[in-house]
Amino acid sequence: MCRSWPITRGSTGTEWFRFQKPVPKGRVWTSKDDSVTIPGWLGIPGVRHSIGLARWWHFSVNSLWLLNGIAIYILLFSTDQWQRIVPTTWEVFPNAVSVALQYLSLNFPPDESWTKYNSLQQLAYFITVFVAAPISVFTGFMQSPALSNHLGWFGRVFNRQRARSIHFLALWWFLFFILAHVTLVFITGARVNLNMMWAGVNDDSWSGFMVFVPLITLIGILWASALPFTIRHARLVGAFMLGPAKGWLERFDPKSELTEKDISPFLWPNGTMPDSKEFKDLEADDFAEYRLRIDGLVERPGEYSLAELRAMPQQEQITTHFCIQGWSGVAKWTGVPMRHILDLVRPTPEARYAVFYSLAEGAHGGVYYDCHKMENMQHELTILALDMNDDPLSVLHGAPLRLRCENELGFKMVKWITAIEFVHDFADLGSGQGGYNEDHEFYGYRMPI
């Protein structure tokens, strides 16, 4: 996954933090070139270019974390336990500093956590439960193209890179909290602390220890098993929990458009560049011989030259591109509305999906393609783009023709389009998952987040 955190919507040149070296000059450097591999002992699945599987785990586990958090909120406010972690006086801040100094000096304050927390504990729990957790949920959702592009000015203010940066900082709070909390649990009286946390008793027995050790051992076994299980049963991992939720997010209407001042000075290219003789011949002739083929379940199949496409009604829009790898950027796109294409070819009632085929191969060989629901094709901001920022599309960005569909992540916006086929089902295309990256890298077919 791309690992840099910019301060603007665009993702190159304004980073405040990068794991990678600077983007090299004088050569094509795609966002996939900039990806990093997380070791298998740290991340799942821990192999290069496996964002699809990692995202399934991330979203599935976070969904369970969210449900657990909702249960905690209900329990806190249905009892008086919320009073233990909500500060009611400004004195909590100087008192917390005093307690922190006691911990740092290893002169630990009296432990009264069975009945009340000290000021530092109270602040730490309050920030974790009522600040960091809601911020993580909010900034996670704000990285969704469907949701961000639906929220108008709010989505523009809390744009993806701002949300992503805050999300990243919230992660570091959780890591710091876990490290400090676990360390203090063990050095300030492990047995008594484990009894309170795991057995709900305030004594010096071994009851909490007897619950804690088997459960932590089980978690370790599950963690060690997760990587081989993921590799062997990738489709099962991908099917867990999230499909319906992603389908629900597609319902948000991506209506947000920006202004010329928002256009990014650089929009990162991505994808495997077309390298066939057919494409090189087309490029050499400035695409004069290019033909877009449209067929399948339509009443009027046909082929259209670049000149014919440019003679059709044109639409301009300035929108944000959201890549699955985390980067984003803003550009002005000009092209033919898909609504006009639908009027032209007249899909039959049986047509449920539009399949876009590319002149380029995918990273693993074979034609790159992706499928879209007809509802997406009917949206007012879905276009076949011919120009970017008032110039004809460059080859790097998809010339001669690329798709813009503003409620999905970027890999679904096929570049270098050679054909569009309207179909009833995509089960017999590729591996039947709805697209090339869906087939090979286990991306989900529905990708509004």
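When a residue number appears, it is its place in the shown sequence, counting from 1. All values below were derived from every heavy atom in this structure, side-chain atoms included, with hydrogens, water molecules and symmetry-related copies excluded.
No side-chain N or O of Ser148 forms a donor-acceptor pair with one of Arg160 less than 3.5 Å apart. When only modelled atom types and interatomic distance are considered, Glu350 and Thr348 share a side-chain donor-acceptor pair under 3.5 Å. Side chains of Asn193 and Thr188: a donor-acceptor N/O pair is present below 3.5 angstrom, by distance only. Checking Asn95 against Gln122 by side-chain atom types alone, no donor-acceptor pair falls below 3.5 Å.
Using bins of under 30°, 30° to 60° and over 60° for the plane-to-plane angle, the ring pair Phe356/His372 lands in the perpendicular bin. The aromatic rings of Tyr353 and Tyr445 sit perpendicular, their planes meeting at an angle over 60°, well past the 30° parallel limit. The aromatic rings of Phe177 and His181 sit parallel, their planes meeting at an angle under 30°, below the 60° perpendicular limit. A tilted orientation is assigned to the rings of Phe176 and Trp173, their planes being inclined by 30° to 60°.
Nearest heavy-atom pair, Leu429 versus Cys371, reported as atom, atom and distance to 0.1 Å: CD1-SG, 4.3 Å.
Between Asp370 and Lys412 a salt bridge is recorded (basic side-chain N to carboxylate O distance below 4.0 Å).
Each of His321, Arg164, Gln161 was compared with Ser328 under the side-chain hydrogen bond (donor to acceptor under 3.5 Å, both in side chains) criterion, and only Gln161 meets it.
Between Tyr73 and Phe130, the gap from one ring centroid to the other is short of 6.0 Å.
Under the 3.5 Å distance criterion, the side-chain polar atoms of Thr382 are left unmatched by any main-chain donor or acceptor of Met338. The backbone N or O of Pro254 sits nowhere less than 3.5 Å from a side-chain atom of Asn407 that would complete a donor-acceptor pair. Proximity of a side-chain donor or acceptor of Trp56 to a complementary backbone N or O of Phe442 within less than 3.5 Å is detected.
Around OH of Tyr125, the count of heavy atoms belonging to other residues, nucleotides or ligands within 6.0 Å exceeds 12. Surrounding CE of Met197 are more than 12 heavy atoms belonging to other residues, nucleotides or ligands, all under 6.0 Å away. Within a 6.0 Å sphere centred on CD of Gln83, other residues, nucleotides and ligands contribute more than 12 heavy atoms.
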